[in-house]
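Heads up, the thing below is written out as structure tokens.
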Amino acid sequence: MLKNYLLTAWKVLLRRKFFTFISLFGITITLSVLLILSTALDNFLYPSGPEKNNHQLLFIEQLTIESRDGQSNWSSEPGYGFLKDNVRDLKLPEKITFFSQATEGSSYINGNKIDSHLRRTDTSYWEILDFNFLNGRTFDQAEFDSGQMVAVINKKTQKNYFSGENPIGKNIIINEQTFSVIGVVEDVFVGETHAYADIWVPYTTFASTQFETELMGGWSALLYHSNPSILPQIQQEYVNQLKNDFVTHDPEQFHKAIGGADTKLERIAREMTNTEDYESNAASMITMWIVLVLCFMLLPSINLINLNISRIMERSSEIGVRKAFGAKTGQLVIQFVVENILITAIGGGLGLLVSWGVLSQIEASGVLPGADVNYNWRVFLYGFGFVFVFGLLSGTYPALKMSRLHPVTALKGGVR
Amino acid sequence: MLTLNSIAKTYQTDKIETIALKEINLNIKKGEFISIMGPSGCGKSTLLNIMGLLDAPSDGSVSIDGVEISSYQDKGLASIRNEKIGFIFQSFHLIQDLRVIDNVELPLLYRKISAKQRRHLALQALEKVGLKARVDHFPSQLSGGQQQRVAIARAIVGKPELLLADEPTGNLDSHMGNEIMQILESLHKDDNTTIVMVTHDDELAKRTERVVRVYDGQLIH
């Protein structure tokens, strides 16, 4: 039966080529946009670079501090002082790393200014994140403890600073500090926000130690556990620390700390919904995404519904014949929905090609540094899901409307 | 086989009530070949649609094989049509996008039959109407007479007990019309199929066992 449905659907598509073109155009554009967004989201949630193990990680990168009188509060990234006093001694994480935000720094080579992103880290950072070393190594604990002026750079920096030559042992100057290059790593996609930088140095190389007492600003922490099922307990431990044992150098002024150790998804949710709470509000964000995607699909669906009704109207005689020979309403609905899913699937295939082309262009253009767009089974799954939902949205109503036609009316070719 | 008991059909628009059929009582025996005659608009096709369970009477009851079907819902009616009734239409109503063989298989799609068995039965039906050589043609590649033969093959492929033909020769010349009539006669004679045929043609009507005449929605005896 399915073969018969598909055969009929194919013939119908070929019969009115202009209608088919308009339908396919709308479907392709809609699904292309959705696939591009999904791919971006997929690469963000499931990166292929150093953050590929993010299912074993919790991120601390937002903090709200309330004043004792409750009149003021401050929200930003945490400061190193806060992390040292409230995160370092958490019991459950297997590894903890503190690192600075990637800040822009400038250097001058032969009179040319080169901008780079500099990040200051500890040694655990390199154990937790899985960088691909092309040359050399990272700094060890002794180098870190003694504040050795050493740096790991990425491939792009090697190209810009050293014209692609082996940089190991050579010096690099950034923000007026001179570092000796000890390692080169593959470029990191800018979407991997905690790993991304051009130059990484020990945070013990800071010119000043003022950062060590700062409560707010400029730092993040990653909490690692090899067993992801332990992460909720770690989240609870962190929240308990904030609620019950919040440590600050200025308890007279700062009374309460609010924040969470978030998974990657929760982190996005917290940022997008601007949540200042112990919970991240991930459920609301997911709901919002689903609603947005549905709304985005609704308009072209309505358009396709109209086209489908016109298309099916032309086939009322066929509906009449099928009914006369025993087709039940449900069987006709399935037939028309299958037909619609076929055209949507073709549009989905085209959408996949178009989005692949667009993403390849984005990757090649360098707009997103380090972007390495990967189509994987998940993106295909999203595509399949979109096709299915879109096909159902735009196919069910016309199918229901037309399959309920009175057989005699249908045979006469009209709507009663 | 088929009994119509006090059948009436009324169409109601905003202000006008049109009586299409009234007080129709008709009993059709198994294996009978009858024709229904009458002027245009007298209610012949409405009567045929009610017999074929395509339309519901406003009043009265329809029984098939002794079972009254007035309580049947859409799903049940579809099953009876699929299993017991075959339709032949004046304008053939073939699906232009499907090949001859796929058109003939159509009623079997709604039965639990394997694709192989469907193909076998469809070929048998096409052989009966002398069109086995045209299985891969599309309707538009056939003459009117051939298209009607495909429509007959589609009507008989499910081996229905009752064949309803609404002016099956109406769109054909007399030669082709005669061919179609011969096929119907052989289906009646060889397979003992019950046939009800609406026609305007006296000559064709005379070739059936009984002629039922309709005038202004009523049977004339």
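Lettering of chains follows the sequences in order, A, B, ..., and the numbering in each one begins at 1. Values reported hereafter were calculated over all heavy atoms of this structure, with side chains retained and with hydrogens, waters and symmetry mates removed.
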>> Is it the case that over 12 heavy atoms from other parts of the model lie below 6.0 angstrom from the NZ atom of K52(A)?
In response: yes
> Between A324(A) and F89(B), which heavy-atom pair has the shortest distance, and what is it?
Replying inline: CB-CZ, 4.1 Å
>> Let me confirm one number: the CG-CD distance from L109(B) to Q331(A), rounded to the nearest 0.5 Å.
In response: 9.0 Å
> Does a sphere of radius 6.0 Å around CZ in F138(B) hold more than 12 heavy atoms from other residues, nucleotides or ligands, not counting ones at 6.0 Å or beyond?
Replying inline: yes
>> Run the side-chain contact (heavy atoms from CB on, under 4.5 Å) test on D55(B) and H406(A) for me, step by step, so that the C-alpha distance in whole Å, both residues' side-chain angles and the decisive distance to 0.1 Å come before the verdict.
In response: CA-CA 8 Å; D55(B) 210 351; H406(A) 192 281; 3.3 Å; yes
> What residue in N82(B), D74(B), D97(B) has the most heavy-atom pairs under 4.5 Å with chain A?
Replying inline: D97(B)
>> So for atom CG, which belongs to L14(A), do other residues, nucleotides or ligands contribute more than 12 heavy atoms lying within a distance under 6.0 Å?
In response: yes
>> Between R322(A) and chain B, with a heavy-atom cut-off of 4.5 Å, which part of the residue counts as in contact: side chain, backbone, both or neither?
In response: both
> Do you know the tightest heavy-atom contact between A327(A) and Y110(B)?
Replying inline: CB-CZ, 3.4 Å
> Where do L54(B) and P407(A) come nearest, in terms of heavy atoms and distance?
Replying inline: O-CG, 3.5 Å
> Considering only heavy atoms, which portion of R154(B) lies under 4.5 Å from any heavy atom of chain A: side chain, backbone, both, or neither?
Replying inline: both
>> For Q12(B), is the CD atom crowded, meaning more than 12 foreign heavy atoms sit under 6.0 Å from it?
In response: yes
> Looking at P107(B) and F325(A), what are the two nearest heavy atoms and their distance?
Replying inline: CG-CD2, 3.5 Å
>> On a heavy-atom basis, which atom in H93(B) and which in L411(A) lie closest, and how many Å separate them?
In response: CE1-O, 3.2 Å
>> Which heavy atom of K328(A) sits nearest to which heavy atom of A78(B), and what is that distance?
In response: CG-CB, 3.8 Å
